[in-house]
Engineer: 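So that we are looking at the same thing, I have put the structure below in C-alpha cells.
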Amino acid sequence: MKDRLQKIADMLRGANDVAVYCHTNPDGDTIACALSMCRALRLLGKTAVPICDCEVPEKYLFMEGAEEFLLPDKKVHEAALAVDCGDLTRLGGAGRSFLAAKKRASIDHHKSHVSFAQIDHTETDASACAEIIFDLLDGMGLVDKGVAALLFGGIVADSGCFQYPSTTARTHEIARELMGYGIDAADIIYRVHRRLTPPVFALKTRVLSKCRFFDGGKIALLTFTKKDFEETGTSPSDTEGMIASAIDVDGVEVAFAVSEAAEKSFKVSIRTKDSADACDIASAFGGGGHSRAAGCRMNGFYEDVVDKLLKAARDRM
Ligand SMILES: [Mn+2]
C-alpha cells in the first residue's frame, strides 16, 4: 500500500469512532466511498457513520446503507475521513464537524485539491475516488461483496461507465476484481446511468430542447431554471449527467450547465473536449475539479453569469 494510505489505514485501525464525510451536493462517487468505508470499518467492529450536509439524491438510494447518512451535528468524532472532497469548502455545512475531530484524513482525486487534513492522500490519475478506497480496503483485507458493489457503483458513476478519458487500465483491473465478488454489475450500471424517473425524463427533454449554442457551435449551454424544476417536480440534484448530452454533440468543445439554486445563485457544471481545461475554467470562479469535468458556484444575474462563462471559455480555447 502507498505510504500515506498506510498511515490512513493505521489512523482508522487506531480509532473506535470514525465519521466519513461526503462533499456537498453528493454524487455517486462520494456516496459510494463513504458507505463502503463505513461498512468496512464496521467489519472491524468500529462505530462508523457517513455524514453529508445534503440529502442523498433519489437515484443513489439503492446503494446499501444510503438511509444511514447523518446531517452534521455537534457530536465530536474520534477520527474523521473526508472522501472525494477537493477542498474544505466542498464539505459545505459539514466542515466544522470534520475539523472538530481529533484525527483528520482526506482521500481525494481532484486535480484542484487543496490540502485540509492532517493526513492528505490525493491521486489525480484515479478515475474515481472509489479506486483509491479500493486500494485502501483491499490492503486492509476488508473488501466483501457489499463493499465491492458500492465501490463498483462509485467507479461507474465517476468514469462515465468507463467512457471518460480518466478511465485507465487500472480502472478496468479494479472493476474486474470487484466483479469477482459476485456483484450484479449490469444492474448497478443501469441504476447509475440509465434509469430515469418520469419527472427527471421530463426535465431532461425540456432542458435539452432549449440548449443554446455559441461560437458556431463550439460552446453549448444548458440552463435549468427554478421554473423547470417546479413544473417537472424535480430539483437541482436531478441534473446529474444531462450535460453529457451537450458535450457529446459534434463540434462542441465546451459545455456548461447552469442551474438556478436560489435567487441570483447558480451551480455551474463544465465539461470540455481536448481544446480546453474544465478545471482551469472552474478555477477562475473559485471552483475546481478535473481536466474534462469541473464545477463552480456563481452569483449574479443569469445573463451576466453566462457572459462570464462564455468569456472564460473563449479565453482558453
Ligand atoms: Mn469523484
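All figures in this text were calculated on a predicted structure; none of them were measured in a lab. Heads up: numbering here begins at 1 and tracks the sequence. All values below come from the heavy atoms of this structure, side chains included, with hydrogens, waters and symmetry mates left out. When a ligand or atom number is given, it counts from 1 through the structure's own listing order.
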Engineer: Report the angle formed at the Mn ion (ligand 1) by atom OD2 of D29 and atom OD1 of D84, rounding to the nearest 10°.
Structural biologist: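 That angle works out to 90° after rounding to 10°.
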Engineer: Need the atom name: nearest N/O/S atom of D158 to the Mn ion (ligand 1).
Structural biologist: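 When I compare the N, O and S atoms of D158, OD2 is nearest to the Mn ion (ligand 1).
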Engineer: Determine yes or no for a side-chain-to-main-chain donor-acceptor pair under 3.5 angstrom, with T47 supplying the side chain and V18 the backbone.
Structural biologist: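 Side chain of T47 to backbone of V18, a donor-acceptor pair under 3.5 Å: no, none is there.
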Engineer: Given the ring of F301, does K264 sit roughly above its face, with NZ or CZ under 6.0 Å from the centre of the six-membered ring and within 45° of the axis?
Structural biologist: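 Checked: cation-pi criterion met.
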Engineer: Check H109 and report its N/O/S atom nearest to the Mn ion (ligand 1), by atom name.
Structural biologist: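 Distance check against the Mn ion (ligand 1) picks out NE2 in H109.
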Engineer: Taking 2.8 Å as the cut-off, does an N/O/S atom of D108 lie below it from the Mn ion (ligand 1)?
Structural biologist: no
Engineer: Nearest heavy-atom pair of G93 and D53: which atoms, and what distance?
Structural biologist: N-OD2, 2.8 Å
Engineer: If you compare all heavy atoms of L91 against all heavy atoms of C85, which two are closest, and at what distance to 0.1 Å?
Structural biologist: CD2-SG, 3.9 Å
